[in-house]
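Working notes, structure below.
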Amino acid sequence: MASGTPLSRRLWAASSATATHCLFHPFVVGVGSGQLPMAAFQQFLKQDAFYLHGFLKAFAYAVVKAEAPADAMVLVDLMHGVNSELQLHASFMESWGIPAHAIDATSAAQATRAYVDFLLATAKTATSVAEILAAMVPCARLYAFLGAALASARSELTGELMGDAHQYAKWIETYAAPAFEAGASDMEALLDSVAEREGIDEARLQPLYARAMQLEYNFFDASFPVQRADFMGTTALAYDADTATSILTTQPLAPLPTVSKLSLLAAVLAIAAGDHSDPIAHGVRDGSEDDRAACLALLTRSPGATATEAAPGVPRVLCIAGSDSGGGAGIQADMKTCTALGVFSTSAITAITVQNTVGVHGIHGVPIATLREQIGCVLDDIGTDVIKTGMLGSAAVVQCVVDAVKDRNLPLVVDPVMVSTSGHKLLELDAHHCIVQQLFPLALIITPNIPEASFLLNGRTIATVDDMKVAAADLHALGGSRYVLVKGGHLEDASSVVDVLYDGLSWHCFQSQRVATINTHGTGCTLASAIAAHYAKVPDMKAAVQNAIRYVHAILVGSQDLSVGCGAQGPMLHWL
Ligand SMILES: Cc1ncc(COP(=O)(O)O)c(N)n1
């Protein structure tokens, strides 16, 4: 794509496959043809009203975080547009005798909750309005796209097909109207200008945009699952994810190069409405039952359903770590972090420490069988998108964790906790070997600080960023994890902190301002669980690390003057 193409256009282009999937989703096709069962549409509207309330709240966060007053005013104007959309819902509902309080009484479906949670967690933790808009623009742009596509597909058909009786015509008109397109364009223009002004690059925003688009698809699918698309009769629509083209055919994925997406949609609608005059429609109508079944099977293949894609619903992290009774580090820090980032966390406790801000006064191991059972019962019931490990304590515990997770093929974040900030040993000496040999090879990322990296590399001196880069590459070779993050907080630089991420080929350095505070207890646990939480939301490691560093920085700033306990190092408050 040309380098002069605006950022918002590039983000849209990168997500166009998912957007096309939305266009050809039976829910959307059913709205276009007017044949979607009314119950499914009503269900959708109620959920959409719930979603739009979340959308308004995300706008409110953006208004608060806007650097320029003019940006805040554009955001407020856009909020008025959302209000008009909510009024449309109310008028729809009323015309079917459903009172407004029925909308209020609706509880959120899982797909709605997942989308709203994602929007609000992004809005709450964003350090730039550009990040918030990257998560919000997909909704506006997608609906403008769907409205325009459905409206023009309708006009390609004969009047009697759609007629005045089309029960969803008003909905299509709303999203095809110039005013809605203008709102979407205004949001994009604001995204482009804020990102440019603040020097925020595409790589930081792309995962947010892509995730929102996937959640849009899940939203349609929750309202009317593709498996129930029998109203489409003889219609079969295939989508080739590799070439990002849609094909209507009796031969799965047979090329039909002359057919534009829009006329394809028209053909779908024509078939659904019983008009078989179109030659493509003929092909579908005359195909065998097997051909139609094959096409429908392709249709029901949901986009982005890869092994790394988070399951629909709330993102989840399983934290395997020790308990810190003082609440600053360990499992307590892990779970607070996940909650602050809008991620559901579960736990498997490896040890109970008797700990406060002064130090570690005792360590009590949990029976190995109990640890094994905690991991097993959580994963078998709740499942998880990411596993994060912290204090493991002994070789037996490491072995137990390895055995419990090795066949699960789940992203694993390993924080190789060895010594507490207060100077107490949290890992027995004979366990290091086991961590390196058995656990690191299973890890997606390991996150040693400088003393831990140095210890793992036979006590070598790590005194500069260049030393950190070499250490990251050597740990990558030693342990075999996919990524290594060497944290630079222990380097002697009064003004800034550099963390180094190595992916096996190249290094990425993240620089942040050092925060002058004694409240650093639990920063390692927090960073690793923030990486896990962000990765559970959007499986992009560089973005997850970047966002996690920002999170730690933000709560360090917020906890700078916090006074908890009498120890030399205090904890942080996980509240943004
Ligand atoms: C249970 C437990 N896990 C991890 C740490 C390390 O955290 P820190 O290095 O901040 O003391 C800790 N102190 N306690």
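Whatever order the structure lists them in is the order used to number ligands and atoms, beginning at 1.
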Regarding ligand 1, does [X] bring an N or O atom to under 3.5 Å of one of the ligand's N or O atoms?
X      : answer
Val360 : no
Asp324 : no
His521 : yes

Who's the nearest protein heavy-atom neighbour of [atom], and how far?
atom                    : answer
atom 6 (C) of ligand 1  : Leu426 CD1, 3.9 Å
atom 13 (N) of ligand 1 : Gln355 OE1, 2.8 Å
atom 9 (O) of ligand 1  : Thr421 N, 3.4 Å
atom 10 (O) of ligand 1 : Gly522 N, 2.6 Å
atom 7 (O) of ligand 1  : Ala329 CB, 3.5 Å
atom 4 (C) of ligand 1  : Cys525 SG, 3.6 Å

Mind checking whether Ile555 and Leu573 have side chains closer than 4.5 Å, heavy atoms only?
no
Does ligand 1 have an atom that lies less than 4.0 angstrom from a heavy atom of Ala321?
no
Could you establish whether Gly390 and ligand 1 come within less than 4.0 Å of each other, counting only heavy atoms on the residue side?
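So Gly390 does not count as touching ligand 1.
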Distance-only polar pair, side chains of Asp503 and His508, donor-acceptor under 3.5 Å
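Note: Asp503 and His508 side chains miss the donor-acceptor criterion.
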Pair Gln214-Thr18, side-chain donor/acceptor within less than 3.5 Å
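On atom types as modelled, these side chains do not qualify, holding no pair under 3.5 Å.
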Carboxylate-amine/guanidinium proximity below 4.0 Å for Asp499 and Lys487
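Not counted as a salt bridge, because no side-chain N and carboxylate O are separated by less than 4.0 Å.
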Pair Asp474 + Arg460, salt bridge at N-O below 4.0 Å:
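The answer is yes: the pair qualifies as a salt bridge.
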Under 3.5 Å donor-acceptor, [X] side chain and [Y] backbone:
X      : Y      : answer
His424 : Val360 : yes
Lys388 : Val317 : no
Ser394 : Val397 : yes
Glu216 : Ala212 : no

Is the Tyr115 to Tyr51 ring centre distance short of 6.0 Å?
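Yes, they do, as the ring centres are separated by less than 6.0 Å.
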Output the list of atoms in ligand 1 that are nearer than 4.0 Å to some heavy atom of [X], sorted by atom number.
X      : answer
Gly322 : 1 (C)
Met391 : 1 (C), 3 (N)
Gly330 : 1 (C), 2 (C), 3 (N), 4 (C)
Ser323 : 1 (C)

With heavy atoms under 4.0 Å as the rule, classify the contact between Ser420 and ligand 1 as side chain, backbone, both or neither.
both
